[in-house]
2 protein chains.
Amino acid sequence: MLRISKLTDYGTLILAHMAGLPGRLHSAAELAEALGLGLPTVSKVLKTLGRHALVSSQRGAHGGYVLTRAAEQITVADIIDALEDQPFGLTECSASAGVCSMESDCRIRDNWLRINTVVRQALQSVTVADMVHPDAPSPLARGLVSNEPASHRMHGPARLGSRAAATSLAACIPTPRADDQEI
Amino acid sequence: MLRISKLTDYGTLILAHMAGLPGRLHSAAELAEALGLGLPTVSKVLKTLGRHALVSSQRGAHGGYVLTRAAEQITVADIIDALEDQPFGLTECSASAGVCSMESDCRIRDNWLRINTVVRQALQSVTVADMVHPDAPSPLARGLVSNEPASHRMHGPARLGSRAAATSLAACIPTPRADDQEI
DNA sequence: CTATACAGTACCAATTTAGTACTTTTAATG
DNA sequence: CATTAAAAGTACTAAATTGGTACTGTATAG
Ligand code: FES
Ligand code: FES
């Protein structure tokens, strides 16, 4: 359905929140509380992010997680790579080689590869830092986007009633980053 | 998982195949045969495409489907809109308004809206015609894409053994379109 | 040595997606 | 006008994925 999974969405929320208070340790419980998500769920996401070296963890009492790099260096593409298990690609055929029997004489596959690349570049052009602070030179804004109506619905929180809260939540306003994108 | 559904993938295959013999009527059975897909499945996809006016149908004996517009006028985004039921958007929050409780003070949502727009533009820049003929001035190619390695795997055919064939299949090679995109 | 917090594994439940079956309507053809 | 080919519609079933939870283990602070 051309959606990232909820876990991935939670990942952006969590990282954005952490980026709000950089350098500090954040326990899974604290994040869960702040974002209105279930503790086990937050834990799971953090563990995975840890495995992909986006956060590092401190065990034991007063332990917690910190970002391993500056928020400016973590792109949405990184988060997706960490949390989505399938390899990046809009179609099965175009996500990995050797899966489709007709791959050799398929004329469509190459197109998907191109589309994938463009999409990925869009995702790489937005960092966690962009998510956090509202105003700043927005890369997607200048020329990249023509801003036709894109609809919207619901973010991180999904079915748990608790999640419906998440008032303090860290990041949101629109501010893609300003370096590597001349898409 | 940031994938389009298989049905949508089949849709591109089907439309591309039809674009190969334009003007002609194609029965669902013929297409199923040619693409190595199940007849009921192809039928389902065609019905949906019909409902969204991408193909028109002729009932009765010797009936079938034809494209309603030139292949150049049907974009991948059109196909996705027709076959995916959820509204376009990478996250739930950003796909429709009013679903997330914290929408008003969410700083992240706006970023997703931008990302959605960019992604959509990429999808709008490729037409069925591009999918069909191999070589031609490729819009995504010139400047739009930096061509970093994007992986690949498997296309239309998935679990039916029959689908593994699809030799004649219509379209594939890389050739996005050349009009409306200055992303 | 106890409390806190991360790590890993495994599992279960809910949703979504894919695919099939069956019935009805429409049109061509002899 | 009967027969046949093909699409339209409806509904259902089965499979795969996702989301979420529970439990057990390990490390560290105090
Ligand atoms: S959490 Fe940002 S709009 Fe839902
Ligand atoms: S590569 Fe699988 S159908 Fe094109």
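Letters A, B, ... mirror the listed sequences (proteins, then strands); counts begin at 1. Keep in mind that what you see is a predicted model, and the values were worked out from it rather than measured.
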OP1 or OP2 of [N] versus the side-chain N and O atoms of [X]: is any pair under 4.0 Å?
{"X": "A/S57", "N": "C/dA5", "answer": "no"}
{"X": "A/S27", "N": "C/dT4", "answer": "no"}
{"X": "B/Q58", "N": "C/dA28", "answer": "yes"}
{"X": "A/Y10", "N": "D/dG20", "answer": "yes"}
{"X": "A/Y65", "N": "C/dA7", "answer": "yes"}

Per [X] side chain, nearest of listed nucleotides [options]:
{"X": "B/Q86", "options": "D/dG19, C/dT17, D/dA7", "value": "C/dT17"}
{"X": "B/H62", "options": "C/dA28, D/dG19, D/dG30", "value": "C/dA28"}
{"X": "B/M1", "options": "D/dA7, D/dT18, D/dT10", "value": "D/dT18"}
{"X": "A/T41", "options": "D/dG19, D/dT21, C/dA18", "value": "D/dT21"}

(request) Could you pick out which residue, A/R59 or A/T8, lies toward the 5' side of DNA chain D when each is mapped onto its nearest nucleotide? (result)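 Taking each residue's closest nucleotide, the earlier one in sequence belongs to A/T8.
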(request) For A/A61 and for B/S43, locate the closest nucleotide of DNA chain D by heavy-atom distance; then report the residue assigned to the nucleotide nearer the 5' terminus. (result)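 With A/A61 and B/S43 compared, the 5'-side residue is B/S43.
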(message) Please evaluate residues B/V119 and B/F88 with respect to the criterion side chain to side chain contact (heavy atoms under 4.5 Å, CB included), reporting the C-alpha separation (whole Å), side-chain torsions for both, the decisive distance (0.1 Å), and the verdict.
(response) CA-CA 10 Å; B/V119 170; B/F88 186 86; 3.9 Å; yes
(message) Does this structure show an ion pair linking A/R69 with A/D78, if we count only N-O contacts that are shorter than 4.0 Å?
(response)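 Salt bridge: yes.
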(message) To the nearest 10°, give me the bend of the helix from C/dC1-D/dG30 to C/dG30-D/dC1, comparing the axes of its five terminal pairs at either end.
(response)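 One end's axis against the other's: 10°.
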